[in-house]
*Asks:* 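Mind having a look at this structure? Questions to follow.
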Protein chains: 2
Amino acid sequence: MKHNFGAGPCILPQEVFKQASYGVLDFNDTGLSILEISHRAPEFVAVMDEAIALVKELLNVPAGYSVIFLQGGASLQFAMLAYNLLPEGKKASYINTGVWSTKAIEEARLFGEIDVIASSKDKNFSYIPKDYTVAADSTYLHFTSNNTIFGTEFHTFPDAKNHLVCDMSSDIFSKEINVADFDLIYAGAQKNIGPAGATLVIVKDEILGKTGRAIPSMLDYQKQISAESMYNTPPVFSVYVSMLNLRWLKAKGGVDAIEKENIAKAKSLYTEIDRNPLFKGTTAVEDRSMMSVCFVMENPELEKPFLKYAEEKGCIGIKGHRSVGGFRASLYNALPITSVHVLVEAMQEFQEKN
Amino acid sequence: MKHNFGAGPCILPQEVFKQASYGVLDFNDTGLSILEISHRAPEFVAVMDEAIALVKELLNVPAGYSVIFLQGGASLQFAMLAYNLLPEGKKASYINTGVWSTKAIEEARLFGEIDVIASSKDKNFSYIPKDYTVAADSTYLHFTSNNTIFGTEFHTFPDAKNHLVCDMSSDIFSKEINVADFDLIYAGAQKNIGPAGATLVIVKDEILGKTGRAIPSMLDYQKQISAESMYNTPPVFSVYVSMLNLRWLKAKGGVDAIEKENIAKAKSLYTEIDRNPLFKGTTAVEDRSMMSVCFVMENPELEKPFLKYAEEKGCIGIKGHRSVGGFRASLYNALPITSVHVLVEAMQEFQEKN
């Protein structure tokens, strides 16, 4: 039995893997693979429609917002959102909380003036900045809600008087949010949505079409919305499995229910990190991520032996990113709490032995 | 038994579906799904490396060219190639042979002056223009090697004195080509490569980095090459299945062997179209596509009944695009010649009954 704490592409529910595997052989009893049907076939249009409807239902997306599935991951969104939202000569505000925010800032700079109004770089991105002012003439405020590499998460979102744009790649669908607080939410699929290769965008319709820029069709939110996520051939399989996974989430009781599980999972692990004298967290306690739990050992020489010990117990993917070192346990929606218990027990046993 | 003549996403070999289905449950005996492993894991890096190596081997890609897998399909390439190749204020030449060429032209116009040096629009794109001159100051010459909607194909490529750029989405790997004749070849995966969601680009390294443009990272060929197709999370599953499919092609004897099969398949169907008084081809005979066989009926009132008759024989996906009407049988690599024989028999039987 493997316990997959990998940062992504990451664990999805076992029943979703089974359904996806079957669909590769025979999709919906058509006698055809999901990989060989036309994206214009009614059977696949129904999949896309259901995926979008599930996003709207599970996140309670209000009227006036569009939901689209694109390609290219959050990294393409870094440029695409600025292309679509930032008029020539205007500026936008960004909060820098790590590697992904930094990349978002770099890409947006190709399209206008980017004002980094707050950053936690001074302490290796180990906290979420709380003290900042958004200039009145800023077009939007961009932030990264969860920072997979550094293990911090916004538990309170920035004030939304200025239009809020969020890279929610690693914590969307993990907890309840109020979509109406945002102008734009985007997320690579490969954490809580589905397999790599699809990108979810939720956008307030009224903010679009105001830059005066000529935008390549594939990068134009309005064209993608008009084409109902089928401007060209969509990433059929990734959308299909995302739909299956969102069905699973709905059957689990939705975001409200999974949030309770996620809180229990994170609490279990952080409690052990704080209790066990061998381990310590790397971030400000109030900014600890529920999805990406980063921790190190008081004695760095024990890190390799513990990694090996945990792997022997089936806990894989817990090696920390080189920027932080130590360990990172990703607790995405599909990771059962029993896997967290196995890791916690490994930490306890390792303490007894050392 | 279904015979899948669909235009795409399209048929792949049954054994590839079986391997892909198994990989969704247990990839390479890791006990993990291909969907839940990190793209940085050695097991997936090996998949990407093998996919790229197979492209190079099967197409005999010479030194000085890079092979990368991207996202966004050919439609994103329409803009991306101009972004990367066309300096501000310079011009490029395009041959317009149908819907895809027309879109490529529209997207490139955002980046420079586009000179449409030849077009077959005058006759509903039913032929390949052969009489044109490329201006000496043109940066590159773009064409679409196979036109899925209109059923024409370049059997002789344009003169390459000017840098040649080709959308080879629907006939790459169907016949031998000389990569050295091209500066850039691109192709959406979902015909002869693999499932939708991946895009193959083969580019001559020395043409890059010469526009002076600041290019968003995800759209920058040089950054994607440096990152070995992993600038961000790649479309893991689409690349995996593409690798499996290219392995299948290699085991079949490679492009040379499949070309012989493709010639036999196309000959069988065109022979029947020409013989059977009920049917007629829609394109100039010398420009007929080996991949996308378009034909109509002398009596249009028989088209619905024939479509139904063919579907009863298991022939699916043969309804023509609305721009041409009638029928379109796509004869991609994975379609067995036995499927073509079934369609030809259906045409013969239908003739006897009418």
Side-chain angles (χ1 to χ4, degrees), chain A residues 1-2 4 6-12 16-18 20-25 30-39 41 70-76 78-80 83 103 106-107 110 188 190 194-198 214-219 231-238 241 316-317 334, chain B residues 1-2 4 6-12 16-18 20-25 30-39 41 70-76 78-80 83 103 106-107 110 188 190 194-198 214-219 231-238 241 316-317 334:
Chain A
M1 175 76 189
K2 291 200 179 178
N4 187 353
C10 68
I11 189 170
L12 292 171
V16 169
F17 290 143
K18 281 181 195 153
S21 173
Y22 190 77
V24 172
L25 293 177
T30 55
L32 296 170
S33 168
I34 179 72
L35 307 183
E36 67 174 321
I37 59 161
S38 168
H39 58 292
L70 304 176
Q71 294 185 62
S75 295
L76 185 56
F78 297 160
M80 185 165 169
Y83 221 146
K103 287 186 185 234
E106 283 166 11
E107 299 299 317
L110 297 178
Q190 64 272 11
I215 305 172
S217 300
M218 282 292 290
L219 303 181
Y231 178 80
N232 71 340
T233 312
V236 170
F237 184 75
S238 296
V241 183
I316 59 165
Chain B
M1 176 78 190
K2 291 200 179 177
N4 187 355
C10 69
I11 189 169
L12 292 171
V16 170
F17 290 144
K18 280 180 196 154
S21 173
Y22 189 76
V24 171
L25 292 178
T30 55
L32 296 170
S33 168
I34 179 72
L35 308 183
E36 66 174 321
I37 59 161
S38 168
H39 57 292
L70 303 176
Q71 295 186 63
S75 294
L76 185 57
F78 298 159
M80 186 165 167
Y83 221 146
K103 288 186 184 232
E106 284 166 10
E107 299 299 317
L110 297 178
Q190 65 273 11
I215 305 173
S217 300
M218 282 291 290
L219 302 181
Y231 178 80
N232 70 339
T233 311
V236 170
F237 184 75
S238 296
V241 183
I316 59 166

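Quick note on labels: first sequence line is chain A, next is B, and so on, each numbered from 1.
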*Asks:* Testing Glu106(B), Lys103(B), Glu107(B) for side-chain hydrogen bond (donor to acceptor under 3.5 Å, both in side chains) with Ser217(A), which one passes?
*Replies:*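 Of the listed options, the one satisfying the test is Glu107(B).
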
*Asks:* Quick one: does Leu219(A)'s side chain get under 4.5 Å of Leu219(B)'s, heavy atoms only?
*Replies:*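 Leu219(A) reaches Leu219(B) side chain to side chain.
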
*Asks:* Would you call Ile37(B) and Pro9(A) a side-chain contact if the rule is heavy atoms closer than 4.5 Å?
*Replies:*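 No, their side chains stay 4.5 Å or more apart.
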
*Asks:* Working to the nearest 0.5 Å, report the span between CD1 of Ile11(A) and CD of Glu36(B).
*Replies:*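 Result: 5.5 Å between the selected atoms.
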
*Asks:* Are the side chains of Ser33(A) and Phe17(B) in contact, using a 4.5 Å heavy-atom criterion?
*Replies:*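 Sidechains of Ser33(A) and Phe17(B): in contact.
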
*Asks:* If you tally heavy-atom pairs under 4.5 Å against chain B, which of Gly194(A), Ala196(A), Gly72(A), Pro216(A) wins?
*Replies:*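 Of the options given, most contacts go to Gly72(A).
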
*Asks:* If you count heavy-atom pairs within less than 4.5 Å of chain B, which of Ile215(A), Ile34(A), Leu110(A) leads?
*Replies:*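 The option with the most such pairs is Leu110(A).
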
*Asks:* As an exercise: rank Leu76(A), Leu12(A), Val236(A) by heavy-atom pairs under 4.5 Å with chain B and give me the winner.
*Replies:*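 Looking at each option in turn, the highest pair count goes to Leu76(A).
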
*Asks:* Which one of Cys10(A), Gly8(A), Ala79(A), Gly197(A) has the most heavy-atom pairs closer than 4.5 Å to chain B?
*Replies:*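 Top count of heavy-atom pairs under 4.5 Å with chain B: Cys10(A).
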
*Asks:* Starting at OG1 of Thr233(B), measure out to CD of Gln190(A) and round the result to the nearest 0.5 Å.
*Replies:*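 Thr233(B) atom OG1 to Gln190(A) atom CD measures 4.0 Å (nearest 0.5 Å).
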
*Asks:* Nearest 0.5 Å please: distance from the OH atom of Tyr231(B) over to the OG atom of Ser75(A).
*Replies:*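 It is 6.0 Å, given to the nearest 0.5 Å.
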
*Asks:* Taking Val24(B)'s backbone N and O only, do any of them form a donor-acceptor pair with Ser21(A)'s side chain (distance below 3.5 Å, no angle check)?
*Replies:*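 Flag not set: sc Ser21(A) to bb Val24(B) has no pair under 3.5 Å.
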
*Asks:* So which part of Ser238(B) gets closer than 4.5 Å to some heavy atom of chain A, the side chain, the backbone, both or neither?
*Replies:*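 Neither part, no heavy atoms under 4.5 Å.
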
*Asks:* Please flag which part of Val16(B) lies under 4.5 Å from any non-hydrogen atom of chain A: side chain, backbone, both or neither.
*Replies:*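 Contact with chain A is absent: no heavy atom of Val16(B) under 4.5 Å.
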
*Asks:* Need one label for Leu35(A): side chain, backbone, both or neither, based on atoms under 4.5 Å from any heavy atom in chain B.
*Replies:*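 When you check distances to chain B, atoms from both the backbone and side chain of Leu35(A) fall under 4.5 Å.
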
*Asks:* Of all of Ala74(A), Ala334(A), Gly188(A), Ser38(A), which one pairs up most often with chain B through heavy atoms under 4.5 Å apart?
*Replies:*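 Highest number of pairs under 4.5 Å: Ser38(A).
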
*Asks:* If you define the side chain from C-beta out and look only at heavy atoms, does anything of Ile316(A) sit under 4.5 Å from Leu32(B)?
*Replies:*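 Touching, per the 4.5 Å side-chain cut-off.
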
*Asks:* Heavy atoms only, distances under 4.5 angstrom: which of Phe237(A), Phe78(A), Tyr83(A) has the most pairs with chain B? Name it, please.
*Replies:*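 Winner by heavy-atom pair count: Phe237(A).
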
*Asks:* Both conditions, 6.0 Å and 45 degrees, for the charged tip of Lys18(A) above the ring of Tyr22(B): are they met here?
*Replies:*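 Relative to the ring axis of Tyr22(B), which defines the angle, Lys18(A) lies outside at least one limit.
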
